[in-house]
Structures are given as C-alpha cells and as structure tokens.
Amino acid sequence: MLITEVRLRRLEGTLPTKGDLWEERLVRPIDIYPEYRVRNDHEGGIQTPDGFKITTHFVEIHTDEGVTGLAGPIPEGVAYIIAKHLRKYLIGQDAIAGEKLWDQMHRGMVHGRQGDAMLAISAVDCALWDLRGKWLNQPVYRLLGGPTQTKIPAYASMLGFAVLDAGKVRERAIEYKEKGYRAQKWFFRHGPMSGTEGMKKNVELVRTLREAVGEDYDLMFDCWQSMDVGYVVDLAERIEEYKPRWLEECVMPDRIDSYRKLSERIRIPLSGAEHEYTRWGFKRFIDSEALDVIQPDIYWCGGLTETLKIAAYATVHDLVTIPHGHSSFVTAHFSAVQSPIHTPYQEYLVKWNAVHQHFLVDPLDVIDGMIEVPERPGLAMEIDKSKIEAEDIIFAA
C-alpha cells in the first residue's frame, strides 16, 4: 500500500462558550520580563461574542488502496514543515513501513531533532498509525499488543481556570472531584520575579485546593519551566505539608542539572520533560535520575513510535510515564498497552481538549473519572464536516 498524497487541511470553526474560554493563564519562562508578566494573552484561537474562533490544521495521508490516516490538530508552522520538507520522504513509500519512514524523516531533517520539525514528524507518525489501524480494521492499541486496561483513570488538568480567586478555585476543585476525576493538576500564576507576594499566592492556591478536596485525593502543580532551583526549594518547603503528588516542569527543559539538584533537596516528587524530544533526549533525563514521572507529549516528542521506545526505557528504571495531554485519542491507545503501575493516569486538559477536539465527530470525554479506549479502527478520529465554517487545502503539491 503506497502513499499517494499528503494533504494539509486548514479548518476554521467556532467553539461555543459561556463567557471567556480562558479565565487565567499560567506562569511562563518569559515572565522574568515585566512587560510580559502582566499580559493575559492566550493561545488556540480568538475569543469573540459568538464563541472561541479556532483556526487549525490536520494532516491526511492518502494511499493507493483508498485508506487514509488522520492526525491533528497542528499549528500552521508544523503543517508547513510537513508539506515542504517531509512530504518528499513519504510520497510513493510503503505506508505500513512506519519504522523506516520515521528513521528516514529523522535522518533527513538534520536540523530538526527538536521543536517544530519534531512536531511535524510526530504528526506524520500518528497519522500513519491511524492509517495502519484502519487498513487492518483494528483499533491501534490492538496493533500494539493491548489492552492491559480498557478504561484509564483520568486526572483533570485545570489550565485556563482562574487561580487567583480562592472562591472560584475551591468551587472548581470540588466540581471536578464530584465529576469523578481521580486527581487534579493546577498551574501556578507566579514565578521568582513576582516576589514575596507572588510566592504567597502560589502557596495560597495549594492550601485552598487541599482544603477543598480533602486529604485522600491527588493534587499536582505545574511550574511550566518558569522557576529556578532556589525558588522551587522555598516553594516546596512551604507546600510540603499539603502533600502534592508531584511538582511539574520546575525549570527550563535543558537544565537537567537543576532538576537533579532539586531531586536531592526536596521531598516532593518531580515530573517533567514534556518539552523534551526523542529517546535520546529522554535518556539524558532518565540516566540523571532527575525525575520521578516522565511526560513525553506524543504529538511533540516523535510520535507514538518514539513514545513507545521512551516508555520502554523508562520502565527499565521503574519510572512512571504519563504523556502530556496534547492528544487524548493517541494517548488513550498508548495508555491502553502500558502496565497500569507505570501509567496510572491519563492527563485530560479540560479546556484544551475542548479546543483540540472541536472538529471531531466523537470527542473523547471523561465519564465518571475514566477514559474509555475507543474500539473503532485506527485512532478513532474523524472530522465533523458540520463544524467546519471554512476550509482550505494548503501547501498542496
């Protein structure tokens, strides 16, 4: 079965919202500069009175047997790389030879071992897995040897919810616990340059959440690579009594020595590496014993093919692998073939999932705190034509 076309679809649509979709943003590495620290900008679309306007892209891989693989959504820059740089490694090739195609794309993109180029390889890889599942009329997890579990406990990732209003924090935490989510992850709004007042607000967030959900409930906190060793040590000492399950992405991703110093100085477990790429990048983290939980993003780190290799290496070191929640569909198929002790949760980014799954016929949702693995062939993603307000086929060749 040969690849005949690599099509990039640009879709526009509107996600209905009650008020603003994004209530608050998280702390960011660039917040060390005051002009950025006060900005309350958000990604993924534009808020309008009619709803949240989304413009995004999907990749389709077509074959001479009429089977098509789908992946996305992806940003325009990533779609451009697929069209202008990766297409030449795909047209005319055997669509089933995924390992060969991954290796050729990786070797062909000598300046693309990280960043948008690796996001492009990841999207192509996921589309090829979708295609192979449809070709065999099987869900992808069966191609991988699963399932080990058909329902996966979900934790609610609360990015975009208000964190500076204790009343709203308490209300939302109780709401999502009552929905059945097995745990929640919240995002700090302040970093080192926000001073003592920012630190107090971060601690208040943790305290409010613990009081809201009680003792026997996992809470995780994301620093989004925006802090430094001294600040995190201070923060950890102040919040340790509230028993966080982990602190996530405490410092910028290449600073592995800083992660190792933190692991030696604080008692709260550390997670991270969602902004790392390929098995070689994750090997640095794992070998340094810097993290307790690794979080490859399947749409960023090299695709499902590469994530399986990363997770296999992690199990050698008895580490937990919980992928970053960019794509719930492909992550569900991944989680379904892992040992439950090594993948005890799946992240569900509540607001981002509304955006990322807007154009899909049957979005993957959380029911009673669990994600049920789709049984349909491939990754079980299908574009809902009724959601499309405008469409272009871009970068055609």
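Quick note: numbers below take in every heavy atom, side chains included, and nothing from hydrogens, waters or symmetry partners. Not measured: the values here are computed from a predicted model. The first residue in the sequence is number 1, and the count goes up from there.
- Ring to ring, Tyr181 and Tyr217 are not that close: their centroids are 6.0 angstrom or more apart.
- Counting heavy-atom neighbours within 6.0 Å of Glu289 CD, excluding the residue itself, gives a total of 12 or less.
- Within a 6.0 Å sphere centred on CZ of Arg113, heavy atoms belonging to other residues, nucleotides or ligands number 12 at most.
- In this structure the side chain of Val203 never reaches within 4.5 angstrom of the side chain of Phe188, judged on heavy atoms.
- Environment of CD1 in Ile46: sparse, with no more than 12 heavy atoms of neighbouring residues, nucleotides or ligands closer than 6.0 Å.
- Arg279 forms no cation-pi arrangement with Phe282, by the criterion of a distance under 6.0 Å to the ring centre and an angle within 45° of the ring axis.
- Remark: Glu43 CD is loosely packed, at most 12 non-hydrogen atoms of other residues, nucleotides or ligands lying under 6.0 Å away.
- Contact annotation: the side chain of Pro253 approaches that of Gln225 to within less than 4.5 Å [non-hydrogen atoms, C-beta and beyond].
- For His317 and Tyr313, the ring centers are positioned less than 6.0 Å apart.
- Atom CG of Asp368 is surrounded by 12 or fewer heavy atoms from other residues, nucleotides or ligands within 6.0 Å.
- The pair Lys201-Glu204 does not count as a salt bridge, with every side-chain nitrogen at least 4.0 angstrom from each carboxylate oxygen.
- Counting heavy atoms from C-beta on, the side chains of Tyr36 and Arg28 never come closer than 4.5 Å.
- Inter-residue side-chain proximity for Arg10 and Glu391 is flagged as unmet; no heavy-atom pair is nearer than 4.5 Å.
- Ile61 and Ile74 fall within a single hydrophobic cluster, where Ile, Leu, Val, Met, Phe, Trp and Tyr side chains are chained together by heavy-atom contacts under 4.5 Å.
- More than 12 heavy atoms of other residues, nucleotides or ligands lie within 6.0 Å of CZ in Arg376, so this atom counts as buried by the packing criterion.
- In this structure, the side chain of Glu389 engages the main chain of Thr14 through a donor-acceptor pair within 3.5 Å.
- Annotation: cation-pi pair Lys185/Phe221 absent, no NZ/CZ under 6.0 Å from the ring centroid and within 45° of its normal.
- In this structure the side chain of Ile294 never reaches within 4.5 angstrom of the side chain of Val320, judged on heavy atoms.
- Within the 3.5 Å criterion, the main-chain N or O of Val373 finds no donor-acceptor partner in the side chain of Lys151.
- Ionic pairing of Arg37 and Asp31 is not present here: no N-O contact between side-chain nitrogen and carboxylate oxygen is shorter than 4.0 angstrom.
- Other residues, nucleotides and ligands place no more than 12 heavy atoms under 6.0 Å from the CH2 atom of Trp135.
- Here the side chain of Arg210 pairs a donor or acceptor atom with the backbone of Gly214 at under 3.5 angstrom.
- Ion pair Glu99/Lys309 flagged as a salt bridge, since at least one NZ, NE, NH1 or NH2 atom sits closer than 4.0 Å to an Asp/Glu carboxylate oxygen.
- The aromatic ring centres of His324 and Trp352 sit 6.0 Å or more apart.
- Annotation: side chain of Leu304 is in contact with side chain of Leu144 (closest heavy-atom distance under 4.5 Å).
- At distances below 3.5 Å, not a single donor-acceptor pair connects side-chain atoms of Ser157 with backbone N or O atoms of Leu349.
- The side-chain heavy atoms of Arg238 and Glu241, taken from C-beta on, include no pair separated by under 4.5 Å.
- The heavy-atom pair separating Phe359 from Ile54 by the smallest distance is CE1-CG2, 3.9 Å.
- A salt bridge links Asp254 with Arg284: the distance from a Lys NZ or Arg NE/NH1/NH2 to an Asp or Glu carboxylate oxygen falls below 4.0 Å.
- You'll find the side chain of Val206 stays beyond 4.5 Å of the side chain of Trp186, heavy atoms only.
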